[in-house]
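Sequence lines set the chain letters: A, B, ... in the order given, protein chains first and strands last, and positions in each chain run from 1.
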2 protein chains.
Amino acid sequence: MWEEILAKYFNEKGLKKSVKRKKFIDFFFKADKHFSVDELYEKLGKKVSRSTIYRTLKLLKECGLVIEQKFEEKNRRYEPLHLSYHHDHLICLKCGKIIEFNEKKIENIQKKVAEKYNFKMVFHKLEIYGYCEKCQKS
Amino acid sequence: MWEEILAKYFNEKGLKKSVKRKKFIDFFFKADKHFSVDELYEKLGKKVSRSTIYRTLKLLKECGLVIEQKFEEKNRRYEPLHLSYHHDHLICLKCGKIIEFNEKKIENIQKKVAEKYNFKMVFHKLEIYGYCEKCQKS
DNA sequence: ATGAAATTGAAATTCATTTTCAAAATATAA
DNA sequence: TTATATTTTGAAAATGAATTTCAATTTCAT
């Protein structure tokens, strides 16, 4: 699925398939969780430069395969976007723990809200901030 | 309400009530909408420095009276947090227009999700990205 | 294999945010 | 009120994530 979207995008834009890009994209979609650029740089054994990581993420954002999340940290996180399945986040204000959840009911209400405002929804972000079980106690 | 929270916080921390702080806080809570630091700087007639604006916003965040929003722009936005009323955002990916909405049903489901994970919710952010009525046509 | 065009990484740049520090403002005590 | 200690302020410097530049390298259609 994402391979086709990517192939189509590369074709339209006249982009070339490079070794570095392939290495990065393969790792990222296989891992299928959110990362910071630094984490990606480390995970790839520092074999793909940060410049290239930023640049490739930009491409992936443009074809809608990745979303950029800005949590409380100062750097951004990137997450492969699977069209069939979307999850949201519970974020602990004390320890920073991120719990993922999925709630169909919320998705449905969101669709209705978008319709009400004649808004064509592409994706959404829902973040619930608070204290996780551990941090409430300590 | 917010005056009391603030007074209590100032007292606990041994903070002083300065002219600049007062000027800033009065404007911000009266305006009651989200601003970037630059907008605040302009709105206050450049009479309160950016340093002081950043510092005061930090205090307000700490006592839970303001939330920091990170949208697609590179700078952050700040919004007075009214405990009784919370709204979410529809954000246009093309023109950047931000529409506010409020949906009680979503809030209720969020409460249930938080409970399910033994998570103590403090606040949440829901952003729906897509295309506004105008931008769908053009 | 050749050459035009795209890609790469290191270094430079950008720019929002944070920190530093000396001067000014505020609060408390005498 | 005056003295004293502490906090606050703004300009300038520092920080650091993200972006851009550019010469060298890689890709790919011919």
Side-chain angles (χ1 to χ4, degrees), chain A residues 3 6-28 34-63 65-79 96, chain B residues 6-28 34-63 65-79 93 96:
Chain A
E3 280 105 335
L6 206 56
K8 185 165 175 285
Y9 189 76
F10 268 55
N11 198 41
E12 276 169 3
K13 294 267 180 176
L15 302 172
K16 293 177 177 173
K17 300 188 201 81
S18 78
V19 171
K20 303 289 180 157
R21 241 153 25 193
K22 191 171 181 337
K23 190 181 169 79
F24 170 74
I25 292 174
D26 283 353
F27 170 79
F28 191 50
H34 58 79
F35 290 103
S36 66
V37 166
D38 249 41
E39 285 166 357
L40 288 164
Y41 180 63
E42 293 295 332
K43 292 277 182 188
L44 289 162
K46 304 184 183 181
K47 296 294 172 53
V48 180
S49 74
R50 283 167 226 265
S51 307
T52 298
I53 295 174
Y54 277 116
R55 279 188 284 231
T56 309
L57 284 168
K58 196 181 175 198
L59 293 179
L60 296 175
K61 271 196 291 176
E62 281 164 9
C63 52
L65 291 171
V66 159
I67 59 169
E68 193 180 71
Q69 300 270 11
K70 297 172 183 179
F71 297 122
E72 296 298 83
E73 309 147 302
K74 67 164 78 179
N75 53 9
R76 305 177 191 165
R77 291 193 163 269
Y78 298 87
E79 184 168 300
Chain B
L6 206 58
K8 185 166 174 284
Y9 189 76
F10 268 55
N11 198 42
E12 275 170 5
K13 294 269 181 176
L15 301 172
K16 293 177 176 174
K17 301 189 201 82
S18 78
V19 170
K20 303 287 179 155
R21 246 161 10 200
K22 192 171 179 341
K23 189 180 170 79
F24 170 75
I25 292 174
D26 284 353
F27 169 79
F28 191 50
H34 59 80
F35 291 104
S36 66
V37 166
D38 249 42
E39 285 166 358
L40 288 164
Y41 180 63
E42 292 296 332
K43 293 276 182 188
L44 289 163
K46 305 184 182 182
K47 295 293 172 56
V48 180
S49 74
R50 283 168 226 265
S51 307
T52 298
I53 295 174
Y54 276 116
R55 279 188 284 231
T56 309
L57 284 168
K58 196 181 175 200
L59 294 179
L60 296 175
K61 271 195 290 174
E62 279 164 9
C63 52
L65 291 172
V66 159
I67 59 169
E68 193 180 70
Q69 299 270 12
K70 297 172 183 179
F71 296 122
E72 297 297 84
E73 311 147 301
K74 71 161 75 178
N75 54 8
R76 305 176 191 166
R77 291 192 163 270
Y78 298 87
E79 183 168 300
L93 289 166

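- Using a 4.0 Å cut-off, no side-chain N or O of Tyr54(A) falls inside it from OP1 or OP2 of dT19(D).
- Distance NZ (Lys23(A)) to P (dT8(C)): 13 Å, rounded to an integer number of Å.
- Taking atom CG on Asn11(B) and atom C1' on dT7(D), their separation rounds to 15 Å, with Å as the unit.
- Taking atom CG of Leu40(A) as the reference point, atom P of dA17(D) lies 14 Å away to the nearest angstrom.
- Regarding Glu73(A), its CD atom lies at a distance of 11 Å from the P atom of dA17(D), rounded to whole Å.
- Under 4.0 angstrom from either OP1 or OP2 of dG10(D) there lies at least one side-chain N or O belonging to Lys20(B).
- When rounded to the nearest whole Å, the span between NZ of Lys74(A) and P of dC15(C) equals 18 Å.
- Lys70(A) places its NZ atom 15 Å from the P atom of dA17(D), with the value rounded to the nearest Å.
- As judged by a 4.0 angstrom heavy-atom cut-off over every strand, Lys46(B) is placed among residues making no nucleic acid contact.
- Donor-acceptor pairing under 3.5 Å, judged by distance alone, is absent between the side chain of Ser51(A) and the base of dA18(D).
- Between dG9(C), dT27(D), dT19(D), one nucleotide has an atom nearer to the side chain of Ser49(A) than all others, and that is dG9(C).
- Between Lys17(B) atom NZ and dT9(D) atom P the separation is 14 Å, expressed in whole Å.
- You'll find a donor-acceptor pair under 3.5 Å spanning the side chain of Lys16(A) and the base of dA5(C), going by distance alone.
- Between the side chain of Arg55(A) and the base of dT21(D), at least one donor-acceptor pair of N or O atoms lies under 3.5 Å.
- Residue Arg50(A) is classed as having no contact, given no heavy-atom separation below 4.0 Å to the nucleic acid.
- Between dT18(C), dT26(C), dA17(D), one nucleotide has an atom nearer to the side chain of Asn75(A) than all others, and that is dA17(D).
- Residue Leu15(A) contributes atom CG, which lies 12 Å from atom C1' of dT27(D) at whole-angstrom precision.
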